[in-house]
Amino acid sequence: MQNISNKFSRNKIENEKNDIYMEIENAQIKKANLLLDMGIMTYEKIRNEIIIDDSFDNISNEILEIDKLIYNNNLRIKKLEEKSKEIVCECGSILNSENNFCGSCGKKVEIEDNYLIECTRCNSLNEEDSVYCACCGIKL
């Protein structure tokens with residue numbers, strides 16, 4: 001009878017320890033999420049020059065390079081999607097963006113050019129009427 005009581009007691013202790021471990025793990029996850037949120041807020045304030053502290057420069061520059069990589073890859077995807085889009089000529093023929101002239105009526109294919117301006121912070125190209133850089137968020 002004593003052995004059963006000891007086993008029950010050990011199981012109860014193990015269950016209680018597991019509950020405590022779960023509570024610790026949940027607290028660590030919550031802390032990590034709060035630190036992440038604080039880091040994002042801090043980074044945004046650094047980018048908007050609300051916080052000026054040279055000790056953040058190296059990390060901020062690395063993040064900016066990653067932002068540029070993400071932005072430029074999204075542009076590449078957009079260009080690939082635009083290449084695959086069909087263009088309908090005035091005569092009704094379906095063309096693609098690589099056609100210079102319509103095969104049915106011979107009309108020149110006119111694709112609207114977007115005028116771009118370069119961001120002074122990250123050198124990314126933005127549409128001319130943009131107020132803020134689509135990559136780094138600075139006012140253009």
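- Nearest heavy-atom pair across C102 and C105 is SG-N, 3.5 Å.
- Using a 4.5 Å heavy-atom cutoff, the side chains of L116 and E128 are not in contact.
- Counting all heavy atoms, side chain and backbone alike, K107 lies closest to C89 at CB-SG, 4.4 Å.
- With respect to the salt-bridge test (charged N to carboxylate O, under 4.0 angstrom), the residues K78 and E81 do not qualify.
- Shown here is I51, whose CD1 atom has more than 12 heavy atoms of other residues, nucleotides or ligands within 6.0 Å.
- Atoms CG and CD, on L64 and E62 in that order, are 11.0 Å from each other to the nearest 0.5 Å.
- Once rounded to the nearest 0.5 Å, the distance linking CG of N15 with CD1 of I20 reads 11.0 Å.
- The shortest heavy-atom contact between C119 and I138 is SG-CG2, 3.4 Å.
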Using the side chain to side chain contact (heavy atoms under 4.5 Å, CB included) rule, take E65 and L69 through it: C-alpha gap first, then chi angles, then the decisive distance, then the call.
CA-CA 6 Å; E65 289 303 314; L69 175 76; over 6 Å; no
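- Here the CG atom belonging to D67 is positioned 11.5 Å from the CG atom belonging to N61, to the nearest 0.5 angstrom.
- Scanning all heavy atoms of the two residues, the minimum distance from G103 to L95 falls at N-CD2, 4.1 Å.
- S124 approaches N126 most closely through the heavy-atom pair O-ND2, 3.2 Å.
- Partner of F56 under the side chain to side chain contact (heavy atoms under 4.5 Å, CB included) criterion, out of I59, D53, D54, N58: D53 alone.
- Distance OG1/T42 to CG/D37: 10.5 Å, rounded to 0.5 Å.
- Atoms CG and OH, on N18 and Y21 in that order, are 8.0 Å from each other to the nearest 0.5 Å.
- Summarising the geometry, atom CE belonging to M38 is positioned 9.5 Å from atom NZ belonging to K31; distances are rounded to the nearest 0.5 Å.
- In terms of heavy-atom proximity, Y71 sits nearest to A134 at CE1-CB, 3.4 Å.
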